[in-house]
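Beneath this line is the structure, given in structure tokens, with notes to follow.
Every chain is numbered from 1 and lettered A, B, ... according to where its sequence line falls, protein lines coming before strand lines.
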Protein chains: 2
Amino acid sequence: MNQVRRDVFQAISDPTRREIIGLLSRRTLNLNNVADHFTISRPAVAKHIRILTECGLVTVQTRGRETFCQADLKGLKEVSDWANTYQQFWQDKLDALERFLDEDLPDENL
Amino acid sequence: MNQVRRDVFQAISDPTRREIIGLLSRRTLNLNNVADHFTISRPAVAKHIRILTECGLVTVQTRGRETFCQADLKGLKEVSDWANTYQQFWQDKLDALERFLDEDLPDENL
DNA sequence: TATAAATGAAACCAAACGGTTTCCAAAAAA
DNA sequence: TTTTTTGGAAACCGTTTGGTTTCATTTATA
């Protein structure tokens, strides 16, 4: 029962789970509503939802016979922060420097 | 031989690969130099490097008997952009709104 | 109350993953 | 010219992943 606290990077590595995140970011849906957006089976979607809840990106709330799934994407800040650590790598200024180093310096300087 | 053009989200899902990215973001290293930072075997590291090259985050350059691995992290922009799509979810203002909706509205409004 | 809807849970499966050890080839150094 | 260094490649292995089908249970609805 102990929440495994799964890694958020691993959770978002699957394209289906990223799609689910996109869906739930717009509105809360029950399991079948989520599954309706995919060709895979409902149990498969349920497993994806469970993985997303294990890392806190989704919370579920049972009401009657339905399980409502709600996005809680604060955990994506970790991903954003990590990627932004390397922001310099995709800035135009650095691209220019990179080109300069690659093309204009003699090989011996590597 | 055909470059599979692996998904960058999947590539960064492994913590060892994220560490390799961190290493190579500071300086170019050959394979053994990279492997020295880990307890896993050199072939295991080589496999991680290959995965990183398949999605363009690392480029390799053979010189003599050495394989130099260089970070090219422009591909992380895709990750940053995707995560930032949901930036609203971790902003303090929205947190306050969320608390308001969760606690101050009657359940019937769900 | 009988039926339909929504979901959890279990058993199963093939493929991918992350790792290993072993061996070989090429390049550099002694 | 031996010997060492560097790393590619192959074979193998246990676990995880992402999917399935089937069945049981609970809750609404006719």
Could you please name the option among D:dA11, C:dG8, D:dT29 that lies closest to any side-chain atom of A:Arg42? C:dG8
Within the pair B:His48 and C:dC17, is there a side-chain N or O less than 4.0 Å away from OP1 or OP2? no
From D:dG18, C:dT7, C:dG19, nucleotide with atom closest to B:Ile40 side chain: C:dG19
To the nearest Å, give me how far apart CG (A:Asp14) and P (C:dA15) are. 18 Å
May I ask you to evaluate whether B:Gln10 reaches the phosphate of C:dC17, defined as a side-chain N or O under 4.0 Å from OP1 or OP2? yes
Given D:dG18, D:dA11, C:dA6, the nucleotide with the shortest approach to the side chain of A:Ile51: D:dG18
Hey, which sits more toward the 5' end of DNA chain D by its nearest nucleotide, A:Ser13 or B:Arg50? B:Arg50
Contact class for A:Arg17 (heavy atom, under 4.0 Å): base, sugar-phosphate, or nothing? sugar-phosphate
Whether A:Asn30 contacts C:dA6 is assessed here as follows: a side-chain N or O lying under 4.0 Å from the phosphate OP1 or OP2. Is that the case? no
With a cut-off of less than 4.0 Å, is there a side-chain N or O of B:Thr67 near OP1 or OP2 of D:dG8? yes
Is any side-chain N or O of A:Asn32 closer than 4.0 Å to OP1 or OP2 of C:dA5? no
A:Arg6 vs D:dT17: side-chain N/O to OP1/OP2 distance below 4.0 Å: yes
Starting from the 5' end of DNA chain D, give me the residue, A:Val45 or A:Gly64, whose nearest nucleotide shows up first. A:Val45
Just checking B:Ser41: base, sugar-phosphate only, or nothing, at a heavy-atom cut-off of under 4.0 Å? base
Kindly point out which of C:dG19, D:dT22, C:dA11 is positioned nearest to the side chain of A:Pro43? D:dT22
